[in-house]
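Values below: every heavy atom of this structure, side chains too, minus hydrogens, waters and symmetry copies. This is a predicted model, so every value here is computed, not measured.
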Amino acid sequence: VLVGGRQNQSEELFGLGVDAAGNAYIAGKTYSTDYPLVSPLQPERGGNGGLFLTKIDPTGASLVYSMYIGGSEGEQEASLAVSPDGAVTLAGTTFSADFPTTAGSFQTGFPTFSAFRSLDGGGTWEGWGGHRFNPDIKSLAIDPTNPSVVYASAAGETASQPPRRATPMRFYKSQDGGVTWSKSNAGFDTVESFGGQYEISSIVFDPANPATLYAAVYLNGVYKSTD
């Protein structure tokens with residue numbers, strides 16, 4: 001059986017499950033605005049690509065239900081688990097502050113802070129910086145000569161459908177101890193990602209000259225800044 005949209009777009013399968021009655025369940029990410037829907041809880045795809053969840057009857061001839069799941073900024077990587085009675089658990093990553101939630105949810109939105117700091121050797125922690133990085137911080141470095149100067153990187157920005165070009169990361173600098181941040185991506189190449197996001201896995205200062213920084217970018221080499 002083929003399941004997917006009819007436009008020149010694509011789907012990515014992340015999860016497959018089967019219940020005791022032989023129904024099949026598939027979940028993944030779709031870039032199609034016409035993905036087949038049956039009794040959907042969410043009838044429209046979110047922006048930047050969203051998740052899909054589809055249940056197929058034991059014969060493979062019809063869809064029992066099929067829906068989009070996600071918010072306006074897109075989702076990625078979903079893991080699917082199906083119990084014998086057909087209960088579905090779907091987990092993944094969202095970039096959407098408006099990801100749909102239900103009453104009584106443990107958390108209904110993104111946290112206020114992406115970074116926390118301790119001033120007593122780890123005894124207590126506080127939200128730090130007043131800025132929430134989307135979706136998360138991948139690396140952090142503090143100038144050894146001036147602790148008010150902090151560098152951080154968050155996950156890269158990727159276009160909504162293949163071929164997906166991405167700036168490797170969002171690279172930020174703060175000069176007031178993390179209170180405010182400015183983006184500083186100049187010099188990072190734009191490359192073909194084809195489903196992956198480029199991450200700065202480490203930011204390192206030159207110990208002899210802290211004005212020189214090195215950034216190691218997953219799948220895309222090492223970058224150097226002297227200013």
Sidechain-backbone polar pair: [X] side chain, [Y] backbone, donor-acceptor under 3.5 Å:
{"X": "Lys173", "Y": "Lys183", "result": "no"}
{"X": "Ser225", "Y": "Leu213", "result": "no"}
{"X": "Thr101", "Y": "Ser105", "result": "no"}

Item to complete: Show which residues join Leu53 in its hydrophobic cluster (side-chain heavy-atom contacts under 4.5 Å, direct or indirect), or state none.
Response: Tyr25, Leu41, Leu51, Val64, Tyr65, Met67, Ile69, Leu80, Val82, Val88, Leu90, Phe99

Practice prompt. Check step by step if side-chain contact (heavy atoms from CB on, under 4.5 Å) holds for Asn23 and Val18.
Written response: CA-CA 6 Å; Asn23 296 292; Val18 180; over 6 Å; no

Worksheet item: In the single-linkage hydrophobic clustering (I, L, V, M, F, W, Y; side-chain heavy atoms under 4.5 Å), do Val3 and Phe14 co-cluster?
Response: no

Have [X] and [Y] got a donor and an acceptor in their side chains that come within less than 3.5 Å?
{"X": "Asp176", "Y": "Ser148", "answer": "no"}
{"X": "Ser32", "Y": "Glu11", "answer": "yes"}
{"X": "Ser184", "Y": "Tyr151", "answer": "no"}

Practice prompt. Evaluate the side-chain contact (heavy atoms from CB on, under 4.5 Å) criterion for residues Thr30 and Glu12: first the C-alpha distance (whole Å), next the side-chain angles of each, then the deciding distance (0.1 Å), finally the verdict.
Written response: CA-CA 6 Å; Thr30 180; Glu12 300 173 7; over 6 Å; no

Worksheet item: What distance separates Ile26 CD1 from Thr54 OG1, expressed to the nearest 0.5 Å?
Response: 4.5 Å

Item to complete: Output the distance between atom CG (Asp98) and atom OG (Ser72), rounded to the nearest 0.5 Å.
Response: 3.5 Å

Worksheet entry | Aromatic centroids of Tyr68 and Phe52 separated by under 6.0 Å | no

Practice prompt. Could you list the residues that satisfy side chain to side chain donor-acceptor pair (under 3.5 Å) with Thr212, not counting sequence neighbours?
Written response: Asn209

